[in-house]
There are 2 protein chains.
Amino acid sequence: MASHYPKRVLFLDLVLSVFRLNGLLISEGDAMTQNMGLTHARWKVIAAIALSTNGLTVPGIARVLGQSRQAVQRITDVMVQDALLVYLPNPRHKRSVLVRLSDEGKVAYSQLREVQDPWAIATTDDIPTEELDTALRLVRRLIQKFDR
Amino acid sequence: MASHYPKRVLFLDLVLSVFRLNGLLISEGDAMTQNMGLTHARWKVIAAIALSTNGLTVPGIARVLGQSRQAVQRITDVMVQDALLVYLPNPRHKRSVLVRLSDEGKVAYSQLREVQDPWAIATTDDIPTEELDTALRLVRRLIQKFDR
DNA sequence: TAATTTTTGTCAGTATGCTGTCATCATCTT
DNA sequence: AAGATGATGACAGCATACTGACAAAAATTA
């Protein structure tokens, strides 16, 4: 049983499991979007923007996704060229524009949700809400610790 | 409160949070190993091998880390050249060799543990073992679902 | 306000990871 | 045993991500 291990080993096990789950989730997303021509770098950006409430800047997306701002900047630049995203003036910051979904981007997101919603529901079908909630809380707690 | 959201949104939130935590954990590991000349591609391989009980093949490491076997193969080939790893005959498979830490690799791992252990202990200091355990169980459950 | 620090955009260079492909060997099925 | 299926190693091409560096703008502090 995992609970018989010392806490340290338990945690390191969790860390490796997060790496693995990360890879599997990307595979899942890629499988869901393969007929839409979206790479994981792109649907992650779309999802991050769609789930945000107040709009996101490029460095903001990078923070949410745990990536470098340069990597995100490169992707969003290309996605603006491909008309999936638009840059909008940011009332709170003159240089750092807000990134929004274009109409085409919104279409892509709704297409994504058509497969993502059933996937999410099926995946969590046999998992109690409380378990998801406590796990999310722990993950957020760890994020807070590591986020400078 | 997160628990007032529908389960689907809770889960999608967890997914994005796993992406973010994944990035932050890599940053943490890189910070710990920066004076040892290890990249995250390398310390992940070292950790995966060190935590395995029966030895791992290249595709086995890839499965544990949630990556492609080609990516791992490339890294392990270089790490064997750099004398951090050794390939050993696999009694259970003629072509697929076992990957082990060399003496130098073991030194690197013990150096890694000198910083990793205090880090793990400090990180989980204010987190009950039960929470870690339930979170690990949930993550493993998700991994099982997605791992073909 | 002035000085300092932080954030952001941008570019260059490099490392890592993925897909697709093919041949080879292992394992399973019949 | 023979054939079918699956796993593995190897290679090529490409996408993605990181670091470091620099300048400009913003935010913070004195």
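Chain letters run A, B, ... following the sequence lines, proteins first, then strands; residues in each count from 1.
Close to C:dG9, at under 4.0 Å from its OP1 or OP2, lies a side-chain N or O of A:Ser96. Between A:Thr39 and D:dT16 there is a side-chain polar atom (N or O) within less than 4.0 angstrom of OP1 or OP2. The shortest distance between the side-chain N/O atoms of A:Arg95 and the OP1/OP2 oxygens of C:dT6 is not below 4.0 Å.
In this structure, A:Leu38 atom CG and D:dA15 atom P are separated by 15 Å, rounded to whole Å. With rounding to whole Å, A:His93 atom NE2 is found 10 Å from C:dG9 atom C1'. Computed from coordinates, the B:Trp43 CH2 to C:dT16 C1' distance equals 13 Å when rounded to whole Å. Between the CD1 atom of A:Ile61 and the P atom of C:dT8 there is a distance of 12 Å, given to the nearest Å. Between the NZ atom of A:Lys44 and the P atom of D:dA17 there is a distance of 6 Å, given to the nearest Å. Distance OH (A:Tyr87) to P (C:dT8): 14 Å, rounded to an integer number of Å. Note: CD (A:Gln81) to P (D:dA15) measures 14 Å, nearest angstrom. One can place CG of A:Asn90 at 9 Å from P of D:dA27, the figure rounded to the nearest angstrom.
Checked by distance alone, B:Gln73 brings no side-chain donor or acceptor within 3.5 Å of a matching partner on the base of C:dG17. Not a single donor-acceptor pair, N or O on each side, falls under 3.5 Å between the base of D:dA7 and the side chain of B:Arg69.
Within the 4.5 Å cutoff, the side chain of B:Pro89 has no heavy atoms near those of the B:Leu98 side chain. Side-chain atoms of B:Val72 and B:Arg63, non-hydrogen and from C-beta on, never get closer than 4.5 Å to each other. Using a 4.5 Å cut-off on side-chain heavy atoms (C-beta onward), A:Met32 and A:Glu114 make no contact.
Heavy-atom nearest nucleotides on DNA chain C were determined for A:Thr57 and for B:Ser68, and the one closer to the 5' end corresponds to A:Thr57. Each of B:Ser27 and B:Pro59 has a nearest nucleotide on DNA chain D; the 5'-most of these lies closest to B:Pro59. Position along DNA chain D of the nearest nucleotide to B:Gln70 versus B:Asp30 favours B:Gln70 as the more 5'-ward residue.
Using a 4.0 Å heavy-atom cutoff across all strands shown, B:Val58 reaches sugar-phosphate atoms only and no base atom. Residue contacts for B:Val97: at a heavy-atom cut-off of 4.0 Å it reaches the sugar-phosphate backbone alone, with no base atom in range. Here A:Arg92 lies in heavy-atom contact (under 4.0 Å) with sugar-phosphate atoms only.
Ranking C:dT16, C:dG9, D:dA27 by closeness to the B:Ile75 side chain, first place goes to C:dT16. Residue A:Ala41 has its side chain nearest to D:dT16 when only D:dG9, C:dT10, D:dT16 are considered. Distances from the side chain of B:Arg74 to the nucleotides C:dG17, C:dG9, D:dT16 place C:dG17 closest.
A:Tyr87 and A:Asp77 are linked by a side-chain donor-acceptor pair at a separation below 3.5 angstrom, with hydrogens and angles left out of the test.
Listed for the A:Ser96 side chain is no donor-acceptor partner under 3.5 Å among the backbone atoms of A:His93.
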- Message: Set out, in order, the CA-CA distance, both residues' side-chain angles and the distance that settles salt bridge (charged side-chain N to carboxylate O under 4.0 Å, His left out) for B:Glu131 and A:Arg141, then state yes or no.
- Response: CA-CA 11 Å; B:Glu131 283 191 38; A:Arg141 203 163 158 184; 3.6 Å; yes
